[in-house]
Amino acid sequence: MRWWDIDPVLELERALFPEDAWSRGMFWSELAHARGADATRLYVVAEEADGRIVGYAGLVAAGEQADVQTIAVEHKLWGSGLGARLLTELLRAATAFECAEVMLECRVDNVRAQKLYERFGFEPIGFRRGYYQPGNVDALVMRLSDPSTSLNGARGTESNG
Ligand SMILES: CC(C)(COP(=O)(O)OP(=O)(O)OC[C@H]1O[C@@H](n2cnc3c(N)ncnc32)[C@H](O)[C@@H]1OP(=O)(O)O)[C@@H](O)C(=O)NCCC(=O)NCCS
């Protein structure tokens, strides 16, 4: 993802996260840390053949730990395996950053996303009460240890799909 992708990404972001969409400034700030020798972020976009952006995902690495910051796919492509491909890219990045574990938070009611994460080996480890505002929705915290191992499993799953 580059700065010129932010407008189309924001359009998807507002459609997919109507209650707590990231602002333009948040994407700018994340991308500011995604380049150069000291980069701590990886942000990717998925494009159709004509260049239209249909998905995106981002990860931050801090020492031994990486965090999935966001992952999103255009609604009409849900179930197509694109979410899995984006997550694979993030885990590849976590492996390249030499992170021993990957964490994420997910709305407790977002079963589709949880299924995807579980398929990659993420396990629920706790809750953050009222994490998502407004709405006071709890977050499920999930952890994946050794992302490089899961990467092999994910590749296997992808080839079946
Ligand atoms: C979560 C998201 C990125 C998944 O993208 P996707 O392209 O649908 O992902 P995939 O097709 O690779 O996998 C989705 C998986 O969800 C599960 N799933 C499929 N249909 C489901 C359903 N009706 N209910 C629950 N889970 C379902 C399956 O495990 C499925 O994998 P499979 O079809 O290979 O068995 C996408 O739904 C999205 O953008 N949601 C809105 C944004 C969001 O919630 N992001 C995550 C924040 S934590």
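Throughout, numbering of the chain's residues begins at 1 and tracks the sequence. Bear in mind that the values here come from a model prediction, so they are computed numbers and not experimental data. Indexing begins at 1, ligand by ligand and atom by atom, following the structure's order.
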Check ligand 1 against [X] and write out every atom of the ligand that is under 4.0 Å from a heavy-atom position of the residue.
X	result
Gly81	10 (P), 11 (O), 12 (O)
Ser80	11 (O)
Ala72	39 (O)
Gly83	5 (O), 6 (P), 7 (O), 9 (O), 12 (O)

Exercise: identify the closest heavy-atom pair between [X] and [Y]:
X	Y	result
Asp7	Arg24	OD1-NH1, 2.6 Å
Phe97	Thr40	CZ-C, 3.9 Å
Leu144	Phe120	CD1-O, 3.3 Å

Ignoring hydrogens, just give me the one of [options] whose non-hydrogen atom is nearest [atom].
atom	options	value
atom 25 (C) of ligand 1	Arg112, Glu118, Glu13, Met142	Arg112
atom 41 (C) of ligand 1	Tyr56, Trp78, Phe120, Phe17	Trp78
atom 44 (O) of ligand 1	Leu86, Val54, Asn110	Asn110
atom 39 (O) of ligand 1	Val73, Leu16, Val68, Leu140	Val73
atom 31 (O) of ligand 1	Lys115, Arg85, Arg119	Arg119

Salt bridge present between Arg143 and Glu123 (N-O < 4.0 angstrom):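 Between Glu123 and Arg143 there is no salt bridge, as every charged N stays at least 4.0 Å from the carboxylate O atoms.
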Would you check whether [X] has a nitrogen or oxygen atom less than 3.5 angstrom from a nitrogen or oxygen atom of ligand 1?
X	value
Ala113	no
Ala84	yes
Ile71	yes
Tyr117	no
Gly79	yes

Nearest 0.5 Å, please: how far is CG in Leu16 from CD1 in Ile71?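 These two atoms lie 11.5 Å from each other.
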Give, for atom CZ of Arg92 and atom OG of Ser148, the distance between the pair rounded to the nearest 0.5 Å. 12.0 Å
Which is it for His75 and ligand 1 at heavy atoms under 4.0 Å: side chain, backbone, both or neither?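 None of His75 does.
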Contacts of Arg52 meeting salt bridge (charged side-chain N to carboxylate O under 4.0 Å, His left out) (sequence neighbours excluded), chain-then-number -> Glu48, Glu74
If you measure only the distance, is there a donor-acceptor pair under 3.5 Å linking the side chains of Tyr132 and Glu19?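 There is no such pair between these side chains.
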Ring-ring centroid check Trp22 Phe17, cutoff 6.0 Å: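 No, the ring centres sit 6.0 Å or more apart.
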Is there a chain of hydrophobic side chains (I, L, V, M, F, W, Y, each step under 4.5 Å between heavy atoms) that links Val68 to Leu140?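 Yes: a chain of side-chain contacts under 4.5 Å links Val68 to Leu140.
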